[in-house]
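Contents: one structure, followed by commentary.
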Amino acid sequence: MIKRLTIITLIAIILGILAYNSRFYYASLPMESVSKKEVLQSIDESSEPIVKIANEDGYDWFITRMEQGKGAENMKQLLKEQGWEFEYQEGGGYFFKKSDQSIIVTTQMWTGKYVLVKVPEGWES
């Protein structure tokens with residue numbers, strides 16, 4: 001009986017560690033080229049407020065911490081540094097203009113702590 005209980009406990013511990021490391025409890029990501037673990041690791045290891053996590057299907061993907069609404073400000077600052085001027089917001093879409101170009105940057109909450117930012121390729125110049 002004790003041997004069985006020990007084996008069951010050991011299996012439960014191993015499964016718990018695997019579940020924690022895979023971050024299965026986070027929502028799925030809208031991009032396939034990176035894992036949840038890689039995304040969380042990139043934001044945790046960076047000193048920057050917004051971090052590029054992927055380039056997929058013609059978009060650059062970033063992650064930023066929400067931190068009392070600062071997610072949108074981090075994204076606006078990133079684009080401002082590249083010469084884009086914020087025009088207006090409609091829902092999760094942010095409209096920017098630069099000379100005769102315009103882009104729409106979309107955001108979505110990933111968890112209560114993180115915001116994903118989707119920027120069309122070619123925004124950097």
Side-chain angles (χ1 to χ4, degrees):
M1 180 70 173
I2 302 264
K3 195 175 195 179
R4 221 179 227 179
L5 187 58
T6 303
I7 292 172
I8 291 171
T9 303
L10 184 60
I11 290 171
I13 290 171
I14 290 171
L15 289 175
I17 291 170
L18 289 174
Y20 177 76
N21 283 335
S22 71
R23 307 292 199 248
F24 82 94
Y25 48 88
Y26 281 105
S28 61
L29 290 166
M31 76 282 303
E32 297 177 7
S33 59
V34 291
S35 69
K36 298 174 202 176
K37 185 177 181 179
E38 291 171 322
V39 169
L40 291 169
Q41 195 171 18
S42 68
I43 190 78
D44 288 340
E45 291 176 353
S46 177
S47 60
E48 297 295 320
I50 187 166
V51 178
K52 185 175 180 178
I53 55 173
N55 178 290
E56 191 173 285
D57 298 329
Y59 294 94
D60 288 333
W61 287 90
F62 295 85
I63 188 167
T64 184
R65 287 187 176 85
M66 190 57 180
E67 294 178 346
Q68 299 175 345
K70 290 187 180 180
E73 294 305 316
N74 293 338
M75 176 264 305
K76 289 177 186 177
Q77 183 61 37
L78 176 72
L79 275 96
K80 183 178 181 180
E81 290 170 3
Q82 294 294 321
W84 292 95
E85 182 182 326
F86 173 70
E87 290 191 300
Y88 61 97
Q89 174 188 358
E90 282 188 20
Y94 294 80
F95 294 75
F96 290 87
K97 188 169 186 169
K98 179 180 183 180
S99 302
D100 61 343
Q101 299 175 308
S102 61
I103 59 170
I104 302 170
V105 175
T106 56
T107 61
Q108 67 184 76
M109 290 294 295
W110 181 43
T111 69
K113 292 167 50 175
Y114 302 105
V115 177
L116 296 174
V117 179
K118 182 178 171 184
V119 184
E121 279 183 339
W123 66 277
E124 295 176 295
S125 49

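Computed from heavy atoms alone, side chains included, the values below leave out hydrogens, waters and symmetry copies.
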Do the non-hydrogen side-chain atoms of [X] and [Y] ever get within less than 4.5 Å of each other?
{"X": "Met75", "Y": "Val115", "result": "no"}
{"X": "Pro49", "Y": "Lys70", "result": "no"}
{"X": "Leu79", "Y": "Ile103", "result": "yes"}
{"X": "Arg65", "Y": "Asp44", "result": "yes"}
{"X": "Met31", "Y": "Ile53", "result": "yes"}
{"X": "Tyr94", "Y": "Val117", "result": "no"}

Is there a continuous path of hydrophobic side-chain contacts, each under 4.5 Å between heavy atoms, that joins [X] to [Y]?
{"X": "Ile13", "Y": "Ile8", "answer": "no"}
{"X": "Leu15", "Y": "Ile7", "answer": "yes"}
{"X": "Tyr114", "Y": "Ile50", "answer": "no"}
{"X": "Tyr59", "Y": "Phe96", "answer": "no"}
{"X": "Met66", "Y": "Leu29", "answer": "no"}

Checklist entry - Lys98 side chain to Gln82 main-chain N or O, any donor-acceptor pair under 3.5 Å? => result yes
Next on the checklist: Between Ser46 (side chain only) and Ile43 (backbone N and O only), is there a donor and an acceptor less than 3.5 Å apart?
Outcome noted: no
[atom1]/[X] to [atom2]/[Y] distance, rounded to the nearest 0.5 angstrom?
{"X": "Asn55", "Y": "Asp60", "atom1": "CG", "atom2": "CG", "value": "4.5 Å"}
{"X": "Glu32", "Y": "Asp57", "atom1": "CD", "atom2": "CG", "value": "8.0 Å"}
{"X": "Gln77", "Y": "Trp84", "atom1": "CD", "atom2": "CH2", "value": "16.0 Å"}
{"X": "Thr107", "Y": "Gln89", "atom1": "OG1", "atom2": "CD", "value": "7.0 Å"}
{"X": "Glu85", "Y": "Ser99", "atom1": "CD", "atom2": "OG", "value": "10.5 Å"}
{"X": "Lys113", "Y": "Thr64", "atom1": "NZ", "atom2": "OG1", "value": "13.0 Å"}

Identify the heavy atoms of [X] and [Y] that sit nearest to each other, and give their distance.
{"X": "Gln108", "Y": "Pro30", "answer": "NE2-CG, 3.8 Å"}
{"X": "Met109", "Y": "Thr111", "answer": "CE-O, 3.0 Å"}
{"X": "Trp61", "Y": "Glu56", "answer": "NE1-O, 4.1 Å"}

Checklist entry - Would you call the rings of Trp123 and Phe62 parallel, tilted or perpendicular if under 30° counts as parallel and over 60° as perpendicular? => result perpendicular
